[in-house]
2 protein chains.
Amino acid sequence: MGRRSDHSRAELERLIIAEGHAHMAENGFARFSAREVAKRIGYSIGTLYNVFDNYDRLILAINTYSFQLWTDHLNARLDGVEGDRIRALVEGYFSFARENTHIWMAIYDHHLPPDVEMPEEFALQRGELTGIVVREVAVVLPDHAKDRATTLARSLIATVHGHCTFALNGTFALMGETEPMETALARVRESIAAAQRDSRIRTD
Amino acid sequence: MGRRSDHSRAELERLIIAEGHAHMAENGFARFSAREVAKRIGYSIGTLYNVFDNYDRLILAINTYSFQLWTDHLNARLDGVEGDRIRALVEGYFSFARENTHIWMAIYDHHLPPDVEMPEEFALQRGELTGIVVREVAVVLPDHAKDRATTLARSLIATVHGHCTFALNGTFALMGETEPMETALARVRESIAAAQRDSRIRTD
DNA sequence: CCCGATAAATGATCAGTGTTCAATTAAAAT
DNA sequence: ATTTTAATTGAACACTGATCATTTATCGGG
């Protein structure tokens with residue numbers, strides 16, 4: 001058939017991402033299939049490849065959408081929390097991963113081949129999550145240490161990420177660790193406290 | 001052909017792992033192929049599937065071998081270091097990952113399906129790496145806190161792992177972080193210092 | 001109203017994958 | 001020499017990502 005008025009290019013793109021996302025949630029990265037996504041949306045593989053011209057760009061779009069949901073999840077968790085916003089952040093990181101295991105893992109299971117590049121718009125969307133953390137870390141740092149917020153935030157994300165990874169991939173279970181989230185939070189607290197102390201020394 | 005005297009079962013197994021490991025190092029998890037490994041060792045796919053009766057068990061064997069090399073790498077790095085053994089540990093973690101990117105990533109790219117279980121021997125081999133870290137962490141903790149070494153070590157491995165992951169998968173580059181290893185070491189130092197302080201308080 | 005022009009959608013086709021298993025082959029036992 | 005045993009094979013199957021000539025529908029102009 002030719003042009004079908006029931007779906008514009010943009011709509012089709014969103015449809016593919018939505019259905020691809022659902023398929024990823026159900027099957028995970030290893031069993032994901034572009035053909036299956038095509039079936040789900042009721043189009044042929046050809047059409048899917050017209051919109052996303054290769055597998056990696058499709059996965060990239062789906063994973064970027066996951067980042068969007070993750071960002072929303074974090075913001076929702078933070079909204080209205082007056083006291084311990086750092087805890088809310090760590091809990092939000094973990095709970096999204098726990099409630100969307102396949103989705104979360106797919107983000108890190110996929111590695112861009114060197115010949116495919118990340119669209120800038122995607123990189124920006126992914127960066128928003130970092131932005132949230134940077135802002136919250138900045139709040140708990142003393143004035144004279146605010147400039148360290150970005151560096152520290154990136155590192156704390158990595159710390160929490162490592163704990164979250166081991167929690168979901170079974171490494172912690174194998175090691176005997178039973179409360180990964182609380183452990184991650186403890187590490188984050190220690191590093192923030194150290195940063196607070198550091199700057200106090202320099203200010204006194 | 002029937003039984004060929006040139007390779008015993010055990011030898012064949014080692015040959016497959018060795019050649020599979022080399023193939024993994026060259027191509028990475030996504031482009032790894034059992035067929036290609038069969039070609040490399042000069043046997044048919046059938047033979048390969050007689051030794052490792054599915055793909056996951058083959059990858060499991062290759063990745064466990066990687067853990068063995070990683071453990072050796074860490075021990076070599078630690079050997080003779082009198083002063084800063086914690087730094088040696090973190091540097092060893094990173095340098096192995098950096099020098100064996102595909103190999104290291106494959107360990108975490110592969111997820112065991114629920115119906116395939118990890119052989120106990122493999123789990124033990126993988127646990128040795130943790131053992132090294134636990135011992136070294138115990139050394140720097142005061143006597144009254146030695147019992148916390150295991151818990152803390154697991155958490156510190158996760159911390160370093162998170163930083164290493166972001167260093168290799170491009171997340172840190174995207175964020176602007178340029179010295180992931182030193183950053184990871186800083187976090188580790190803070191947490192060890194906190195553990196040392198904690199126990200001092202309880203002992204005073 | 002019809003007819004090109006344009007754009008969207010198709011699916012057979014290709015090269016590759018993991019996996020299976022009846023058939024083959026070689027060695028060992030009798 | 002013959003049977004038994006075990007290792008090895010590779011064609012076959014159902015799938016995958018990717019391609020692209022072909023078909024199909026819509027639209028603009030005569």
Side-chain angles (χ1 to χ4, degrees), chain A residues 1-17 19-21 23-24 26-63 102 106 109-117, chain B residues 1-17 19-20 23-24 26-63 102 106 109-116:
Chain A
M1 312 150 209
R3 182 192 298 175
R4 302 203 316 203
S5 54
D6 47 344
H7 289 121
S8 74
R9 253 295 134 112
E11 281 171 342
L12 195 51
E13 198 173 313
R14 260 171 296 189
L15 185 60
I16 294 171
I17 292 174
E19 222 56 48
H21 198 265
H23 178 63
M24 183 69 87
E26 290 167 20
N27 299 95
F29 184 77
R31 287 200 229 160
F32 184 89
S33 145
R35 271 187 157 86
E36 215 61 46
V37 175
K39 274 185 199 165
R40 286 180 81 120
I41 62 168
Y43 280 82
S44 70
I45 337 108
T47 299
L48 203 148
Y49 271 83
N50 287 342
V51 180
F52 295 96
D53 45 65
N54 59 58
Y55 193 74
D56 290 291
R57 291 191 109 81
L58 170 60
I59 303 286
L60 220 47
I62 292 171
N63 283 348
H102 281 151
D109 284 342
H110 181 238
H111 309 301
L112 257 197
D115 56 310
V116 181
E117 35 149 335
Chain B
M1 314 147 209
R3 182 191 298 176
R4 299 201 322 200
S5 54
D6 48 343
H7 288 121
S8 74
R9 255 291 133 114
E11 279 171 345
L12 195 51
E13 199 174 310
R14 261 172 295 190
L15 185 61
I16 294 171
I17 292 175
E19 221 57 47
H23 178 63
M24 184 68 87
E26 289 167 21
N27 300 95
F29 184 76
R31 288 202 230 158
F32 184 89
S33 147
R35 271 187 159 84
E36 216 60 48
V37 175
K39 273 184 199 166
R40 286 179 81 120
I41 61 168
Y43 280 82
S44 70
I45 336 107
T47 298
L48 203 149
Y49 268 81
N50 288 338
V51 180
F52 295 96
D53 46 63
N54 59 58
Y55 192 75
D56 291 290
R57 292 192 109 81
L58 170 61
I59 303 285
L60 220 47
I62 291 170
N63 283 349
H102 280 152
D109 284 342
H110 180 238
H111 309 300
L112 256 197
D115 55 310
V116 181

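Here is the naming used below: chain letters follow the sequence lines, and residue numbers restart at 1 for every chain.
A:Ile62 contributes atom CD1, which lies 14.0 Å from atom CZ of A:Arg57 (distance to the nearest 0.5 angstrom). Distance CG/B:Asp109 to CG/B:Asn63: 9.0 Å, rounded to 0.5 Å. Separating the CZ atom in B:Arg9 from the CG atom in B:Leu12 is a distance of 6.5 Å, to the nearest 0.5 Å.
Atom P of nucleotide C:dT19 and atom CZ of B:Phe52 are separated by 13 Å, given to the nearest angstrom. At whole-Å resolution of the value, CZ in B:Arg57 and P in C:dT19 are 12 Å apart. Rounded to an integer number of Å, the gap from A:Arg9 CZ to C:dA7 C1' is 9 Å. The separation between B:Asp115 atom CG and C:dG18 atom C1' is 14 Å, rounded to whole Å. Between B:Tyr43 atom OH and C:dA26 atom C1' the separation is 13 Å, expressed in whole Å. The NE2-C1' distance, from B:His110 to C:dG18, rounds to 13 Å in whole Å. Distance A:Leu48 CG to C:dG11 P: 14 Å, rounded to the nearest Å. The interatomic distance linking B:Leu15 (CG) with D:dT8 (C1') rounds to 15 Å, in whole Å.
Using the six-membered ring where Trp is involved, B:Phe29 and B:His110 have ring planes that are tilted, between 30° and 60° apart.
In this model, the phosphate group of C:dT10 is approached by a side-chain N or O of A:Ser44 to a distance below 4.0 Å at OP1 or OP2.
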Intermediate values then yes/no, side chain to side chain contact (heavy atoms under 4.5 Å, CB included), A:Ile17 and A:Phe52: CA-CA 10 Å; A:Ile17 292 174; A:Phe52 295 96; 3.8 Å; yes

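Residues that satisfy the side-chain hydrogen bond (donor to acceptor under 3.5 Å, both in side chains) test with B:His102, not counting sequence neighbours, are absent from this structure. The side-chain hydrogen bond (donor to acceptor under 3.5 Å, both in side chains) check on A:Asn27 picks up A:His23, with sequence neighbours excluded. In this structure A:Glu26 satisfies the salt bridge (Lys or Arg N to Asp or Glu O under 4.0 Å) test together with A:Arg40, sequence neighbours excluded. Partners of A:Ile45 by side chain to side chain contact (heavy atoms under 4.5 Å, CB included), not counting sequence neighbours, listed by chain and number: A:Arg35, A:Tyr49.
The rotation axes computed at either terminus of the helix from C:dC1-D:dG30 to C:dT30-D:dA1 lie 30° apart, taking five pairs at each end and rounding to 10 degrees.
Within 4.0 Å (heavy atoms only), B:Leu58 reaches no atom of the nucleic acid at all. At the heavy-atom level, A:Ile59 lies nowhere under 4.0 Å from the strands shown.
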I'd like a table of atom pairs between the protein and nucleotides 15-19 of chain D - only N or O on both sides, under 3.5 Å - with the distance next to each one.
{"unit_1": "D:dT16", "atom_1": "OP1", "unit_2": "A:Ser33", "atom_2": "OG", "d": "3.1"}
{"unit_1": "D:dG17", "atom_1": "OP1", "unit_2": "A:Ala34", "atom_2": "N", "d": "3.0"}
{"unit_1": "D:dG17", "atom_1": "OP2", "unit_2": "A:Ala34", "atom_2": "N", "d": "3.2"}
{"unit_1": "D:dG17", "atom_1": "N7", "unit_2": "A:Arg35", "atom_2": "NH1", "d": "2.4"}
{"unit_1": "D:dG17", "atom_1": "O6", "unit_2": "A:Arg35", "atom_2": "NH1", "d": "3.4"}
{"unit_1": "D:dG17", "atom_1": "O6", "unit_2": "A:Arg35", "atom_2": "NH2", "d": "3.3"}
{"unit_1": "D:dA18", "atom_1": "OP2", "unit_2": "A:Tyr49", "atom_2": "OH", "d": "2.4"}
{"unit_1": "D:dA18", "atom_1": "OP2", "unit_2": "A:Tyr55", "atom_2": "N", "d": "2.5"}
{"unit_1": "D:dA18", "atom_1": "N6", "unit_2": "A:Arg35", "atom_2": "NH2", "d": "3.0"}

